[in-house]
Undergrad: 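Before anything else, here's the structure in question.
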Amino acid sequence: MKNQVAKLLSQALQQLTADAVIPADGIPVPVIERARESRHGDFACNIALVLAKSARVRPRELAEKLVAALPQNQLVERVEVAGPGFINFYLTADAYHRLVPQAIEQGHSFGRSDIGRGQRVQVEFVSANPTGPLHVGHGRGAAYGAVVADLLEAVGFDVHREYYVNDAGRQMDILATSVWLRYLELCDQELVFPSNGYKGDYIWDIAATLHREHGAAYSHPVDELFREIPADEPAGGDKELHIDALIARSKGLLGDNRYRFVFELALNVILDDIRDDLALFGVTYEEWYSERTLTESGAVNRAIEKLRSMDQVYESSGALWFRSTAFGDEKDRVVVRENGQHTYFAADIAYHMDKLERGFERVIDVWGADHHGYVPRVKAALEAMGDDPSRLDVLLVQFANLYRGGEKVQMSTRSGSFVTLRELRKEVGRDAARFFYVMRKCEQHLDFDLDLAKSHSADNPVYYVQYAHARVCSVLRQAAEKGISAEPSPGTENLDRLTEEHEKALLSSLSRYGELVETSAINKEPHQLCQYLRELANEFHTYYNAHQFLVEDGRLRDARIKLILAVQQVLRNGLNLLGVSAPERM
RNA sequence: GCCCCCGUAGCUCAGUAGGAUAGAGCGCACCCCUCCUAAGGGUGAGGUCACACGUUCGAAUCGUGUCGGGGGCACCA
């Protein structure tokens with residue numbers, strides 16, 4: 001609808017350019033917006049105000065000329081120049097009416113578009129280290145990333161969802177060692193568990209699996225394991241040195257293959273759990289990309305060599321540094337440590353290089369806000385390698401705070417008192433969790449009210465929207481019971497009977513849906529969709545209270561049934577994009 | 001110290017690429033089912049858009065500065 005108005009204006013602009021009223025250079029794309037007030041018509045455009053200066057014509061005069069140059073169109077009833085030079089468009093009733101059969105016939109595809117033109121875009125999200133279950137912080141990234149991906153797909157992008165699995169590195173070694181130590185305890189050995197190890201119950205579970213399936217086959221005397229290991233922090237030593245020494249000793253005692261076995265077991269159990277958890281949350285991926293394959297395939301070395309060949313790295317005090325300051329970073333960053341191991345950052349450079357090499361035109365990373373310091377250096381690396389850093393879009397998601405009974409739920413990884421995503425899902429349900437997570441802009445701190453998310457009341461936005469959908473279903477059931485056919489008449493037949501203000505408001509909202517999906521997708525702002533659905537549901541509920549749908553007058557009844565069928569479809573499509581169910585009854 | 005985000009109604013937040021009289025929900029005060037689910041609806045009170053200066057025909061929106069809140073600044077992952 002908006003696009004059609006914009007097209008008309010573009011044609012008028014071309015006409016005026018040909019007539020030399022407007023200078024040919026630098027004509028902006030006309031910005032059409034929804035009029036905020038009905039007395040300003042349906043759409044408004046400020047192009048005359050914008051162009052007045054360069055055309056050296058008074059805004060109102062320019063507006064008049066544009067209006068005169070507008071081609072005829074059956075959607076537009078009349079056009080007015082108002083205020084300082086706004087052009088207001090008043091659309092015909094038919095322009096709105098034709099949306100109703102469209103929504104009903106197009107069903108699931110109503111509101112979708114192809115503005116993405118099949119461009120390949122990768123969305124990487126969650127990517128939590130597989131060292132334990134996902135917690136509520138990851139949940140927000142999961143919900144947000146999933147909806148952004150779905151929105152982009154809905155507007156015609158070729159979306160590739162990816163989870164980057166950090167299956168290499170020290171944290172994973174700490175995990176493997178933690179599991180093995182717990183296993184040794186299950187083999188009736190006594191030891192002091194390292195303060196820096198993973199202490200969650202799930203570590204015991206994995207150790208128990210190892211013990212159940214392999215008995216004491218992986219057991220070693222503990223005194224051998226701890227012999228001459230530097231003291232742990234509680235014993236007055238350094239927890240990092242302590243755990244690193246334990247890892248090295250574990251590898252030595254178990255040997256490569258057996259250590260690998262414990263490592264893989266831990267990794268697979270946790271990764272399966274994460275995968276399962278996300279799937280139950282309605283979040284799925286096209287690909288789980290292993291960090292290890294990045295090293296094994298030589299991509300990391302290749303990235304480093306690429307930087308070297310472009311003279312973007314230098315050696316200093318035994319390490320290899322990337323000149324990220326040359327690209328706006330605040331300090332240079334190490335890519336290969338003094339001990340010869342590459343840093344996590346080096347793998348990240350390789351990963352992003354690989355993403356672009358795989359042919360994605362746009363790459364979106366969803367990160368926790370605590371990683372924001374990472375953005376400049378990753379972009380710097382892409383630029384240094386000769387890529388366009390603007391192809392990478394990093395979306396930072398702020399943390400979510402849970403509230404229960406008006407009190408903030410205290411969470412800290414250290415004390416092990418963090419709430420897992422699974423627990424949250426169990427408590428408030430998938431629908432509420434998905435909706436609440438994306439209700440706010442991602443850069444906004446999120447206050448997640450658990451009581452509200454659980455409440456079955458109008459205060460709860462999820463139920464409110466779902467209830468509107470269920471109510472439509474209920475009306476249709478009611479019709480069936482009364483022996484009234486809810487089968488709508490073809491096309492726009494009878495829709496001219498919709499003359500109530502409530503009905504016009506609903507038609508107007510329906511006409512906004514497509515635009516809304518587009519702006520939500522382009523701006524990566526799912527909260528706009530939440531907001532919209534709430535408004536649409538509100539208009540429906542108001543309508544429901546004010547008017548009977550299943551009236552005696554068959555033509556009016558048909559028109560109303562068609563209208564609510566269209567509303568039902570849009571509610572369903574919108575909820576579906578959010579990963580929230582649209583129940584038939586509640 | 002440097003960097004990022006935020007500051008709009010009592011509370012939680014919108015404000016659609018600067019636009020015509022700043023919006024919603026909650027809370028508060030009233031009111032509405034002999035009627036398709038009251039898990040609903042309506043009416044009302046409530047704002048110096050943190051502050052100052054600047055850009056513009058026009059600023060909650062853009063720029064600079066100040067104040068206030070949150071987060072980040074590893075040869076960790």
Side-chain angles (χ1 to χ4, degrees), chain A residues 29 31 33-37 39-40 44-46 49-50 52-53 58-59 82-86 88 129 131 166 168-172 174 240 291 316-321 329-331 333-339 341-345 347-348 368-376 396 398-399 403 439-447 449 452 455-461 463-464 466-468 470-479 481-482 484 512 515-516 518-520 522-523 525 527-528 530-532 534-535 537-538 540-551 564 585-586:
Chain A
V29 189
V31 176
E33 40 173 51
R34 289 267 166 183
R36 297 192 179 184
E37 288 178 63
R39 69 188 176 90
H40 294 142
C45 183
N46 66 351
L49 293 157
V50 176
K53 204 170 215 175
R58 280 196 302 272
F86 291 105
N88 293 337
N129 282 348
T131 52
N166 295 114
R170 181 163 168 266
Q171 293 303 321
M172 290 306 299
I174 296 178
E240 308 291 350
E291 178 187 356
S316 174
S317 56
L320 192 67
W321 299 70
D329 197 6
E330 51 194 19
K331 59 172 284 198
R333 310 289 174 178
V334 171
V335 284
V336 180
R337 280 184 262 163
E338 201 177 351
N339 64 12
Q341 288 191 313
H342 65 250
T343 56
Y344 179 85
F345 177 45
D348 242 358
D370 53 334
H371 285 73
H372 94 262
Y374 241 76
V375 182
L396 300 171
Q398 289 287 344
F399 292 117
Y403 285 81
M439 212 162 48
R440 304 275 174 250
K441 277 196 281 224
C442 68
E443 65 262 31
Q444 194 86 243
H445 292 269
L446 174 69
D447 288 331
D449 186 334
L452 180 61
S455 85
H456 290 201
S457 78
D459 305 349
N460 184 343
Y463 281 88
Y464 186 78
Q466 289 181 317
Y467 182 43
R471 257 187 164 172
V472 176
C473 298
S474 169
V475 171
L476 299 176
R477 277 195 301 271
Q478 200 68 218
E481 277 171 32
K482 289 182 181 171
I484 300 168
R512 271 173 55 214
E515 293 158 32
L516 192 108
E518 279 183 18
T519 56
S520 303
I522 300 300
N523 300 320
E525 293 183 338
H527 75 276
Q528 284 193 36
C530 296
Q531 194 93 355
Y532 171 85
R534 191 138 71 155
E535 282 165 24
N538 172 250
F540 173 77
H541 287 309
T542 307
Y543 182 38
Y544 180 97
N545 269 353
H547 300 284
Q548 190 82 12
F549 305 150
L550 304 176
V551 289
I564 65 170
R585 58 178 83 230
M586 292 171 76

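A note on names: the letters A, B, ... follow the listed sequences, proteins ahead of strands, and every chain is numbered from 1.
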Undergrad: Provide the Watson-Crick or G-U wobble partner of rG68(B), both distances under 3.5 Å; none if there is no partner.
TA: rC6(B)
Undergrad: Could you check which nucleotide pairs with rG47(B) in any of the strands shown, counting Watson-Crick or G-U wobble with both distances under 3.5 Å?
TA: none
Undergrad: Is a side-chain N or O of S520(A) found less than 3.5 angstrom from the main chain of L516(A), in a donor-acceptor match?
TA: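 Indeed, once roles are kept as given, a pair shorter than 3.5 Å links the two residues.
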Undergrad: Taking only the P atom of each, what is the distance from rG7(B) to rG63(B) in whole angstrom?
TA: 14 Å
Undergrad: Sort out the partner of rC73(B) for me: Watson-Crick or G-U wobble, both distances under 3.5 Å, none otherwise.
TA: rG1(B)
Undergrad: Mind listing the N/O atom pairs, protein and nucleotides 57-63 of chain B, below 3.5 Å?
TA:
residue, atom, partner, partner atom, Å
rC57(B), OP1, K53(A), NZ, 3.0

Undergrad: Spell out yes or no: do the side chain of N88(A) and the base of rA20(B) have one donor N/O and one acceptor N/O closer than 3.5 Å?
TA: yes
Undergrad: Between atom NE2 in H456(A) and atom P in rU37(B), what is the gap in whole Å?
TA: 19 Å
Undergrad: Would you indicate what E515(A) reaches in the nucleic acid, counting non-hydrogen atoms under 4.0 angstrom: base, sugar-phosphate, or nothing?
TA: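 Answer is nothing: E515(A) stays at 4.0 Å or more from every strand.
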Undergrad: If rC13(B) has a Watson-Crick or G-U wobble mate with both distances under 3.5 Å, name it; if not, just say none.
TA: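 Pairing partner: rG23(B).
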Undergrad: Looking for any heavy atom pair under 4.0 Å, which part of the strands does R585(A) touch: base, sugar-phosphate only, or nothing?
TA: base
Undergrad: Calculate the interatomic distance between Q171(A) atom CD and rC76(B) atom P; express it in whole Å.
TA: 11 Å
Undergrad: Could you measure between the two P atoms, the one in rG58(B) and the one in rA17(B), and give it in whole Å?
TA: 22 Å
Undergrad: Distance check, C1' atoms only: rG44(B) and rU56(B), in whole angstrom units.
TA: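 Nearest-Å result for rG44(B) against rU56(B) at atom C1': 38 Å.
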Undergrad: Determine whether a donor-acceptor pair (N or O, by modelled atom type, separation under 3.5 Å) exists between the side chain of D449(A) and the backbone of L452(A).
TA: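 A pair under 3.5 Å: yes.
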Undergrad: Measuring from the side chain of D370(A) (C-beta onward, heavy atoms only), which nucleotide among rG72(B), rG15(B), rG42(B) has the closest atom?
TA: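 Taking heavy atoms from C-beta onward, the closest nucleotide is rG72(B).
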Undergrad: Taking the C1' atom of each, how far is rA60(B) from rA20(B), in whole Å?
TA: 16 Å
Undergrad: Checking side-chain polar atoms at under 3.5 Å, does E291(A) have a donor or acceptor matched by the opposite partner on N166(A)?
TA: yes
Undergrad: Starting from P on rA77(B), measure out to CZ on F345(A) and report it in whole angstrom.
TA: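 My rounded result for the distance is 13 Å.
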Undergrad: Provide the distance between the two C1' atoms, one in rU21(B) and one in rU12(B), to the nearest whole Å.
TA: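 Nearest-Å result for rU21(B) against rU12(B) at atom C1': 25 Å.
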Undergrad: How far does the P atom of rA9(B) sit from the matching atom of rA14(B), given to the nearest Å?
TA: 12 Å
Undergrad: The side chain of L550(A) lies closest to which of these nucleotides: rG42(B), rC36(B), rU37(B)?
TA: rC36(B)
Undergrad: Quick one: label A44(A) by what it contacts on the DNA or RNA (base, sugar-phosphate, nothing), any heavy atom closer than 4.0 Å.
TA: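 The answer is base, as A44(A) lies within the cut-off (heavy atoms under 4.0 Å) of a base atom.
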Undergrad: Just by distance, do the side chain of N538(A) and the backbone of R534(A) share a donor-acceptor pair under 3.5 Å?
TA: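 No, the answer is negative, given that no donor and acceptor are paired below the 3.5 Å cut-off.
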Undergrad: Does rU61(B) have a Watson-Crick or wobble mate here (both distances under 3.5 Å), and if so which one?
TA: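 For rU61(B), the partner nucleotide comes out as none, under the 3.5 Å rule.
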Undergrad: Using a 4.0 Å heavy-atom cut-off, does S457(A) contact any base of the nucleic acid, only the sugar-phosphate backbone, or nothing at all?
TA: sugar-phosphate
Undergrad: Looking at Y464(A), is its backbone amide N or carbonyl O close enough to the side chain of H541(A) to form a donor-acceptor pair, meaning the two atoms are under 3.5 Å apart?
TA: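 Between the backbone of Y464(A) and the side chain of H541(A) there is a qualifying donor-acceptor contact (under 3.5 Å).
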Undergrad: Looking across every strand, which nucleic acid part, if any, lies under 4.0 Å from A470(A) by heavy atom: base, sugar-phosphate, or nothing?
TA: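 Touches a base.
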Undergrad: Is the shortest heavy-atom distance from the side chain of H527(A) to the side chain of M439(A) under 4.5 Å?
TA: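 Side-chain contact under 4.5 Å: no.
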Undergrad: Just wondering, more than 12 heavy atoms not from R477(A) lying within 6.0 Å of its CZ?
TA: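 Yes, enclosed.
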Undergrad: So, is T343(A) close to the rA77(B) phosphate, meaning a side-chain N or O under 4.0 Å from OP1 or OP2?
TA: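 For rA77(B), OP1/OP2 do not have a side-chain N/O of T343(A) under 4.0 Å.
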Undergrad: How many Å lie between CG on L516(A) and C1' on rU16(B), as a whole number?
TA: 8 Å
Undergrad: Hey, is E525(A) close enough to R440(A) for a salt bridge, meaning N to O under 4.0 Å?
TA: no
Undergrad: Ignoring hydrogens and angles, tell me if any N or O in the side chain of W321(A) forms a donor-acceptor pair with the backbone of S316(A) under 3.5 Å.
TA: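 Yes.
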Undergrad: Want to settle it: does A537(A) or H40(A) sit nearer the 5' end of RNA chain B, counting the closest nucleotide to each?
TA: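 That would be H40(A).
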Undergrad: Which letter, B, S or -, goes with each nucleotide of nucleotides 22-32 of chain B from 5' to 3', with contact meaning a protein heavy atom under 4.0 Å?
TA: ----S------
Undergrad: Nucleotides 3-10 of chain B: which of its N/O atoms have a protein N/O under 3.5 Å away?
TA:
residue, atom, partner, partner atom, Å
rC5(B), O2', E443(A), O, 3.2

Undergrad: Can you tell me if H527(A) touches the phosphate of rU16(B), counting only side-chain N or O atoms and a distance under 4.0 Å to OP1 or OP2?
TA: no
Undergrad: Whether E518(A) and R512(A) form a salt bridge (side-chain N of Lys/Arg under 4.0 Å from carboxylate O of Asp/Glu) is what I want to check.
TA: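 So R512(A) does not pair with E518(A) through a salt bridge.
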Undergrad: Using a cut-off of 4.0 Å on non-hydrogen atoms, how would the nucleic acid contact of H541(A) be classed: base, sugar-phosphate, or nothing?
TA: sugar-phosphate
Undergrad: Mind calculating the distance between CD (Q341(A)) and C1' (rA74(B)) to the nearest angstrom?
TA: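 Result: 15 Å.
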Undergrad: According to the Watson-Crick and G-U wobble definitions, with both distances under 3.5 Å, which nucleotide is paired to rA39(B)?
TA: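 Across any shown strand, rA39(B) pairs with none.
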Undergrad: Is T343(A) reaching over with its side chain to a backbone N or O of V334(A), donor-acceptor style, under 3.5 angstrom?
TA: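 Judged by distance alone, yes, a pair lies under 3.5 Å.
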Undergrad: For the side chain of Q528(A), starting at C-beta, report the closest nucleotide among rG15(B), rA39(B), rC36(B).
TA: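 Out of rG15(B), rA39(B), rC36(B), the nucleotide with an atom closest to Q528(A)'s side chain is rG15(B).
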Undergrad: By a 5.5 angstrom centroid cut-off and a 30 degree plane limit, is there stacking between F86(A) and rA20(B)?
TA: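 Check passed, F86(A) stacks on base of rA20(B).
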Undergrad: Within less than 4.0 Å of OP1 or OP2 of rG41(B), is there a side-chain N or O belonging to Y464(A)?
TA: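 For Y464(A), the contact criterion (side-chain N or O under 4.0 Å from OP1 or OP2 of rG41(B)) is met.
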Undergrad: Which is true for D329(A) with a 4.0 Å heavy-atom rule: it touches a base, it touches only sugar-phosphate, or it touches nothing?
TA: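 Contact class for D329(A): none.
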Undergrad: Given the P atoms of rC5(B) and rC62(B), what is the spacing between them in whole Å?
TA: 11 Å
Undergrad: At under 4.0 Å between heavy atoms, what does R39(A) touch on the DNA or RNA strands: base, sugar-phosphate, or nothing?
TA: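 Base contact.
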Undergrad: R440(A) has a side chain; which of rA20(B), rU12(B), rC36(B) sits nearest to it?
TA: rU12(B)
Undergrad: Assess whether one donor atom and one acceptor atom, taken from the side chain of Y374(A) and the base of rA77(B), lie less than 3.5 Å apart.
TA: yes
Undergrad: Which part of the nucleic acid, if any, lies within reach of S520(A) when heavy atoms closer than 4.0 Å are counted: base, sugar-phosphate only, or nothing?
TA: nothing
Undergrad: For K331(A), answer base if it contacts any base atom (sugar-phosphate contacts may also be present), sugar-phosphate if it contacts only those atoms, and nothing otherwise; contact means non-hydrogen atoms under 4.0 Å.
TA: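 If one applies the 4.0 Å heavy-atom cut-off, K331(A) turns out to touch the sugar-phosphate alone, with no base involved.
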Undergrad: Could you pick out which residue, Y543(A) or V31(A), lies toward the 5' side of RNA chain B when each is mapped onto its nearest nucleotide?
TA: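 Whichever sits nearer the 5' end wins; that is V31(A).
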Undergrad: Just checking H342(A): base, sugar-phosphate only, or nothing, at a heavy-atom cut-off of under 4.0 Å?
TA: nothing
Undergrad: Choosing from rA77(B), rA39(B), rC13(B), which nucleotide comes nearest the side chain of D447(A)?
TA: rC13(B)
Undergrad: Ignoring hydrogens and geometry, is there a side-chain-to-backbone donor-acceptor pair from N460(A) to S455(A) under 3.5 Å?
TA: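 Here the side-chain-to-backbone pair exists.
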Undergrad: Any side-chain donor-acceptor pair under 3.5 Å between E338(A) and S317(A)?
TA: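 Per modelled atom types, E338(A) and S317(A) side chains form no pair under 3.5 Å.
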Undergrad: When you measure from the side chain of N339(A) to the backbone of Q341(A), do you find a donor-acceptor pair of N or O atoms at a distance under 3.5 Å?
TA: yes
Undergrad: Heavy atoms, side chains only, cut-off 4.5 Å: are F540(A) and V472(A) in contact?
TA: yes
Undergrad: For R585(A), does the CZ atom sit with more than 12 other heavy atoms under 6.0 Å from it, leaving out its own atoms?
TA: no
Undergrad: Using whole Å, what does the distance between atom P of nucleotide rG18(B) and atom CD of E33(A) come to?
TA: 9 Å
Undergrad: Taking the same atom, P, in rU43(B) and in rG23(B), what whole-Å distance lies between them?
TA: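 Straight-line distance between the two P atoms is 15 Å.
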